[in-house]
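So the structure is just underneath, and the comments pick up after that.
A, B, ... follow the sequence lines: proteins, then strands. Residue 1 opens every chain.
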Protein chains: 2
Amino acid sequence: MAKPTLRDVATVAGVSVGTVSYALNGKGRVDPDTRERIRRIAAELGYSADPVARGLRSGRTATLGMALGTVVGQRRDDILSFEWYGRVTTAAAQAAFEAEHGLLLVPAVHDAGQLRRMAFDGLIVVEPGEGDPRLAAIAGLGIPAVALGRDSTGRIAHQVAPDTDAVVAGLLDHLAAQGATRIVALAPDMPWEWAERSIIAYRRWCATRGVQPDAVRVPPPAQLSACTMSESARTAALAVLRDDPPDAILALCLGFGVGVLAAARELGLRVPHDLLLAQDSDEPALHTTDPPITAVDLFPESQARTAVTTLLELLRGAHPASELNTPTELRARASSQQRHG
Amino acid sequence: MAKPTLRDVATVAGVSVGTVSYALNGKGRVDPDTRERIRRIAAELGYSADPVARGLRSGRTATLGMALGTVVGQRRDDILSFEWYGRVTTAAAQAAFEAEHGLLLVPAVHDAGQLRRMAFDGLIVVEPGEGDPRLAAIAGLGIPAVALGRDSTGRIAHQVAPDTDAVVAGLLDHLAAQGATRIVALAPDMPWEWAERSIIAYRRWCATRGVQPDAVRVPPPAQLSACTMSESARTAALAVLRDDPPDAILALCLGFGVGVLAAARELGLRVPHDLLLAQDSDEPALHTTDPPITAVDLFPESQARTAVTTLLELLRGAHPASELNTPTELRARASSQQRHG
DNA sequence: TTGTAGGCGTTATCAG
DNA sequence: CTGATAACGCCTACAA
């Protein structure tokens, strides 16, 4: 009744354990007939190699860790988009599974000892931040790691992320094509790598076009949730739109687009008639606003799959590219469609 | 440089491996001084028990599996709310971690053999459906399982879910209190346990109040995503609202509220003035509609934590309650607030 | 072609 | 109180 082992199969087949092992996993060595017989018996018994024993023997657990950005503790209101997490984790689990690996979810920990308790061959670090305490812990582990999102400190050699520059430039091109001449960028005042990058990309685009950049840093709320972020953006947008309003706003953070739309409505500005609006990363809430808000799909599934395959390559001893860009796609919606001829 | 083992610690401390093991994990048996010395040396060397070896020896992996409802394959457009998944998985990982366990994400598989490849002590089955192929595979595993969401087939003995009846009754009470006299319920025409339960709860509530129930089953779209569900609900709502419109609609599925709101707008019905609207489960999109839509927070984090603790109790040999209800909370928003004095 | 034996790191048992 | 030893299940080098 208990799970059959190699021994059980060997006993039934009348051969030694070694032969069974070779028959099931080895290349040649075993007589084809014997192999077939053993295979059949193994299948009949429902034999399947114990992953733990195999792991001890091989030093591999066939498991990848995914270090979430979640803080350790009861309250976890510091995640901007659980939707993004859901898409990333399910896609990563799926990709790992297809490569015969498991995916272990690891909460954010700062202690290498806590990580050692968990068994995995490599680690995907989700959105490492500047001065992220996870990085030190991971360095002490001595296992391959891949960052999902960029790591400015360079502590993680391999990074998978969407091409922020292309995303920002694409949105600005789109807004300009719709008639925008003065585009204000709204970015969170946080030490997030993509936020910095977005601002730089915005400035560069403005320089190329010979227009004056106007990047507003939005002070972050105490708790980082979609709601509070929208609220912060609303306040900042009210100030921007009150005097000398631009003809377009580029929201560079989840939740910002919704906040800007609320501010515009309060001031009697109509989107897209009086103000064009777009956000860098797409989210479900942008579909249901009135008007729906233009944004870029960053394909979290694609990011997750790339991170998984990159990590697997590292484990195989290969040398994948150290920076991998994942695809993105602009979703033009009513908020940025100028209706004039 | 390599990870130190018990042997290394034993060598340095000048004792046997067994003594080191007992010093670090055992109760008494070891001389306090020796124990302290071994502890110090282990810490200095950065020793930490190998989870795989410990697993082989103990038969426990200190890992919980979470079987997602995701279909195996590239396309995964059959998930209604990734936000819900994100909240559930991160919370479960956190809860497991706090109990010194890992959380392994398992894609939906129908083959017990595939599951055997992964190492976990128990399994949380997310939203088991009627005729769910996962259930057969899990049954063949012979390990404890807990359902997150109800399992109508009773194949999983322990279930954790919000109290659907209370949710529906609470919403109906709320709508009635706001002046609704004829409430139509919109439910998906799918074999989902909570959908059936919701309808039954609705009928029971109507019977108690002595009013005629009017439950409309919405045919499901080909692909189950938030967008397509909204679209289906919109179509169904148009039919309902066109002739003899009720004064309230209760949307009993993610995405439905948004669809109903769109239908009402098309027909020139104003929410909440001409039509009250509420949905059973909350989602971010409901905050940003105009007006925002009333819904019930089902606290996925709470469900996840309860599922984890229940599974851990089963593993400890305890006998937890077979049906556990998790808390819920009505979030009254503008869509259901009658403005009349 | 097949059997034997050793060892991965940990823990339990038994002897000292 | 401590040391030696066996066993968990698997893989593989070596011997037959």
Side-chain angles (χ1 to χ4, degrees), chain A residues 1-39 41-42 45-63 100 113 116-121 142-143, chain B residues 1-39 41-42 45-63 100 113 116-121 142-143:
Chain A
M1 199 64 253
K3 224 177 79 173
T5 73
L6 273 187
R7 282 244 299 262
D8 300 325
V9 180
T11 308
V12 174
V15 294
S16 73
V17 272
T19 302
V20 176
S21 176
Y22 269 107
L24 297 178
N25 317 314
K27 338 267 170 200
R29 248 213 62 161
V30 181
D31 180 278
D33 290 350
T34 314
R35 162 162 293 158
E36 202 37 59
R37 194 164 52 88
I38 291 175
R39 279 234 174 91
I41 292 173
L45 292 175
Y47 169 80
S48 164
D50 181 340
V52 179
R54 173 175 281 179
L56 179 60
R57 168 71 220 206
S58 68
R60 287 291 180 90
T61 56
T63 299
E100 317 239 275
R116 262 188 247 281
R117 280 195 351 232
M118 336 221 70
F120 43 78
D121 299 335
I143 62 166
Chain B
M1 199 65 254
K3 226 177 79 174
T5 74
L6 271 187
R7 283 244 300 260
D8 300 324
V9 179
T11 308
V12 174
V15 295
S16 73
V17 275
T19 303
V20 176
S21 177
Y22 264 102
L24 297 178
N25 316 315
K27 338 268 170 196
R29 247 212 63 162
V30 182
D31 181 278
D33 290 350
T34 314
R35 163 164 289 161
E36 200 38 58
R37 195 164 53 87
I38 291 174
R39 280 235 174 91
I41 292 172
L45 292 175
Y47 168 81
S48 164
D50 180 341
V52 179
R54 172 173 284 177
L56 178 60
R57 171 67 221 200
S58 66
R60 288 290 180 95
T61 57
T63 299
E100 317 239 278
R116 260 188 248 282
R117 281 195 354 232
M118 336 221 71
F120 43 78
D121 299 334
I143 61 167

Show the nearest heavy-atom pair for residues [X] and [Y], with the distance to one decimal.
X       : Y       : result
A:Asp8  : A:Lys3  : OD2-O, 4.1 Å
B:Val52 : A:Leu56 : CG1-N, 3.3 Å
B:Ile38 : B:Ala13 : CG1-CB, 4.2 Å

Rounded interatomic separation in angstrom, taking [atom1] from [X] and [atom2] from [N]:
X       : N      : atom1 : atom2 : answer
A:Arg60 : C:dG9  : CZ    : P     : 16 Å
A:Asp8  : D:dG9  : CG    : P     : 9 Å
A:Ile38 : C:dT1  : CD1   : C1'   : 11 Å
A:Leu56 : D:dT12 : CG    : P     : 13 Å

Using a cut-off of 4.0 Å between protein heavy atoms and nucleotide atoms, how would you tag nucleotides 10-16 of chain C 5' to 3' with B, S and -?
BBSBB--

Rounding to 10 degrees, work out the angle separating the end axes of the helix from C:dT1-D:dA16 to C:dG16-D:dC1 (five pairs an end).
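For the helix from C:dT1-D:dA16 to C:dG16-D:dC1, the axes at opposite ends meet at about 50°.
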
[Y] backbone acceptor or donor facing [X] side chain under 3.5 Å:
X        : Y       : answer
A:Ser58  : A:Arg54 : yes
B:Thr11  : B:Arg7  : yes
A:Arg116 : B:Tyr47 : no

Identify, with sequence neighbours excluded, every residue that meets salt bridge (Lys or Arg N to Asp or Glu O under 4.0 Å) alongside A:Arg117.
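With neighbours one apart ignored, the set is B:Glu100.
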
N/O (side chain, A:Thr19) to phosphate O (OP1/OP2, C:dT1) under 4.0 Å:
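For C:dT1, neither OP1 nor OP2 has a side-chain N or O of A:Thr19 closer than 4.0 Å.
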
Test B:Val20 against every option in B:Val15, B:Thr34, B:Val30, B:Val12 by the side chain to side chain contact (heavy atoms under 4.5 Å, CB included) rule and name the one that passes.
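Checked B:Val15, B:Thr34, B:Val30, B:Val12 against B:Val20; only one passes side chain to side chain contact (heavy atoms under 4.5 Å, CB included): B:Val15.
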
Categorize A:Val15 for me: base, sugar-phosphate, or nothing, with a 4.0 angstrom heavy-atom threshold over every strand shown.
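A:Val15: backbone/sugar contact only, no base atoms under 4.0 Å.
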
